[in-house]
Amino acid sequence: MLAKVKSYTLDGLVGYGVDVEVDINNGLPGYELVGLASTATKESKERVRSAIKNSGYFYPTKRLTVNLAPADTKKEGPSFDLPIAVGVLAASEQLEGKRYKDFVFVGELSLDGKLRHVNGIMPILISALQNGEKRFIISKDNEREASYIDGIEVYALENLREVVDFLQGAERQPVQTSSYQSTCQTHGYGVDFADVKGQAIAKRALEIAVAGGHNVLMIGPPGAGKTMLAKCIPTIMPEMTFEEAVEVTKVHSVAGILDGSVGIVTTRPFRTPHHTTTVPALVGGGTKAKPGEVSLANHGVLFLDEMPEYSRHALETLRQPLEDRKVTVSRVSQTVEYPANFMLVASMNPCPCGNYGSKTQICRCTPVQIHNYVSKLSGPLMDRIDLQIEVDNITYDEFRTKGEAETSAAIKARINAVREIERKRFEKDGILTNAEMTTAQINKYCKIDKDSERLLAKAFERLNLSARGTTRILKVARTIADMEGAEDIRPQHIAEAIQYRGLDRKYDR
Amino acid sequence: MRTFEDKILLALACVKELCLKKKTSLLECVDDVNELVSAAARETVFKLLGDEAATEFFENLAKIDDIQKELDAHEIEYVTYLDDDYPEKLFEIYDRPQVLFLKGNKRALKEDAIAVVGTRKPTRYGVKIADAFAREFAQAGLVVVSGFARGIDATAHKACVSNGLKTIAVFACGLDVCYPAEHRGLLDGILQNDGLLVSEYPLGSKPLQYHFPERNRIISGLARAVFLPEAAKNSGSLITMRLAIEQGREIFVTPGNIFEDEAAGSNELLKEMPHALTFSPDDVLDALRVNREVREKEAVELSIAETQIVDALHDNELHFEELLEITGLTVAELTNTLINLELNGIVEQTSGNYYILA
């Protein structure tokens, strides 16, 4: 007898329906799984058999053929265990009724019949909903993740036995929708700008950076507090909207790093890949075309500590995602597009030993070493970093104790206001922040008067700035003007923006 | 049109890694340079230069037009001691080169020059001195001569180039080689500002270790005086100073931090020759009797905050945070004020958010 069970799986972040067909034939006992199944999927054979047996059902000693249609796309992962088991039970007439045809099944089975967690439930459900599927049976472990999606009927069940009982008419309650807002409130960041004493100029620069969505590079000796400052950045970023949270959750869910007990990502991601990271780990890839760090940092911060220590190749691959705010990962089996709308925060030492330009320490690097170190950061990459700030580790005991530092919440309130100004300005342009402005938009929105032009010319002459820095100065000046609520960019805004061109000045590039 | 003598000297100069002594002794053997190519002198040439070098010399002579073409392709000229263009000052020194390769504005050789030399790894103090002194020298009309090395040399050249003034760089390698390579931009800057590159080494010569002390005699030789801001104990610039004294050049040295290794050499020199002690560019210019216009510093009107900052910086350099505390301004206001002061040339940012008076 033939049974056909609906299931769903993912191609990148987009789900598509898979019909799991189970046919039982006469012949020598055997099990044939067709439809381009990967190893994990193929191994379902053993899990399904044990799960059925241990749930108190009978595994047919006949010839089983299982087909995963469409048969020409590669099927990854163990999420077909549940539909296959349901199919086997239906085909062997142990499951009464046709109710199973109304549901989409996604779940892994353990040998004792328990339903296990599956990666990527949120994107699966969202895609399936868009394709008109409304009723699902998934594992209890995925309950929270599924609960944020409106307009669907999801049953999160414990084990295979419960699934069979439910399909045969037992009463179960669908998953209750949870509110994103209430989840948000219960999660903090654990760090706060109020904890960072001193570093006024760095804080100011980071506030500008977040307000305008600018990428930042912090230059300073080891122990200056670059990492601490970077960690505080998410605390002043505007709250994620539900839409943003869903986008982030989708990627995190596919990557399998979502906290199942929360089910949604409520805080902006802060990703810190180690400098030995490979290119596929950074931008996405591998045989399964998995999302990389740039996508996991979507709507959040990608922090590259000791930027010049990363391989040149890895750094150069960041250029495209920084420009397009998405990344296309192509592999033999598939081509997948992941979002990569992140704010790049990088830090570096001024030289390999860390003491170049220091007031108190002696730098033991040769000029060639310093040159090679700094030249790891190519011009095109540096063109995408609007602010460069120097962070130093002076110990000002007296200053540190003086005064109360501002809290992240206070800074965040200001930033929200600036972001609102930007949103209104770019309503018709399809961008959100000053950092995203194209050359045409810079010409339109960053007009400067004669005084500012004179100032800029003088700065180029006196401070050895590189000419390619102009657009970056203009963008940052726009943000500074917005922070003051000024309509036009005035000389003082330009002047401050020039201050954040540390690298140009330090190394005579 | 080049004379045949010039061509012979060029051929001799283009013999790779031939020491000056051999060349000089060869030229002393003959009354007239032309005699070198006569059949009679052939044996002497081989005896004095050795087989390899002598063969190369005659080969060079055979293809002298090709050598000339190659020089032309690199826009490099040469002067020999027989030319009028040969810098007079070099006749005063004992082991002058027979041929100098030049690239750029060769009229610079006719002008009064001062050499600025020093350590390759200067302290911030040393850089500041080199920059300020070189700029003053150049603005007073002297041509600054230096060795194109890292550190003080480069700072001195840069001080001229960034003010649009000419400077002479003496290379320890062929003029088609840029050593150190990261000074490519500086090299272009020197040429763009009417500067001159000088070398006694033929095209393609590498910057070999023994070239540097040899090169130093030309640096001091071209100049009326030599100025040393900072040098470590075994610094090559001390060789230049010794040569300068032998050549009868005036020397000027600024005192350095006594705890600093990079200034130990120059301090020691000061102890031996206290008369070289110098505190300002004016000391040097007065001693050299350089006429110059007295330039009044433009009066700049300062705001209250700016005055506060300038006053505070009088004593020592201060960090941004300290200035923040002193002035009570917001970060935005202070960055603004500082940039304005910096653009007006009143304060300077050293690395790591420290500020000093310029």
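The sequence lines fix the lettering, A, B, ..., with proteins before strands; numbering per chain opens at 1. Below, all heavy atoms of this structure are taken into account, side chains as well, without hydrogens, waters or symmetry copies.
- Both the backbone and the side chain of A:L455 come within less than 4.5 Å of a heavy atom in chain B.
- Around atom CZ of B:F259, no more than 12 heavy atoms belonging to other residues, nucleotides or ligands sit under 6.0 Å away.
- Residues A:E496 and B:T335 come closest through the heavy atom pair CG-OG1, 3.2 Å.
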Under the criterion side-chain hydrogen bond (donor to acceptor under 3.5 Å, both in side chains), I'd like the reasoning laid out for A:D392 against B:H319: C-alpha separation, chi angles, the key distance, then a yes or no. CA-CA 10 Å; A:D392 36 25; B:H319 191 262; 2.9 Å; yes
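- Contact between A:K458 and B:L343 at its shortest, heavy atoms only, is CE-O, 3.5 Å.
- Put simply, of B:E333, B:E317, B:E182, B:R120, the one with the most heavy-atom pairs under 4.5 Å next to chain A is B:E317.
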Take A:V368 and B:R150 through the side-chain contact (heavy atoms from CB on, under 4.5 Å) test and state the conclusion after the steps. CA-CA 11 Å; A:V368 173; B:R150 297 181 183 115; 3.5 Å; yes
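- The candidate from B:V331, B:T337, B:T123, B:L334 with the greatest count of non-hydrogen atom pairs under 4.5 Å with chain A is B:V331.
- When side chains are defined from C-beta on, B:Q349 counts as touching A:Q499, because their heavy atoms get closer than 4.5 Å.
- Annotation for B:K103: atom NZ counts as buried by contact number, over 12 foreign heavy atoms lying within 6.0 Å.
- Of all non-hydrogen atoms in A:Q199 and B:E321, the two that sit nearest each other are N-OE2, 2.7 Å.
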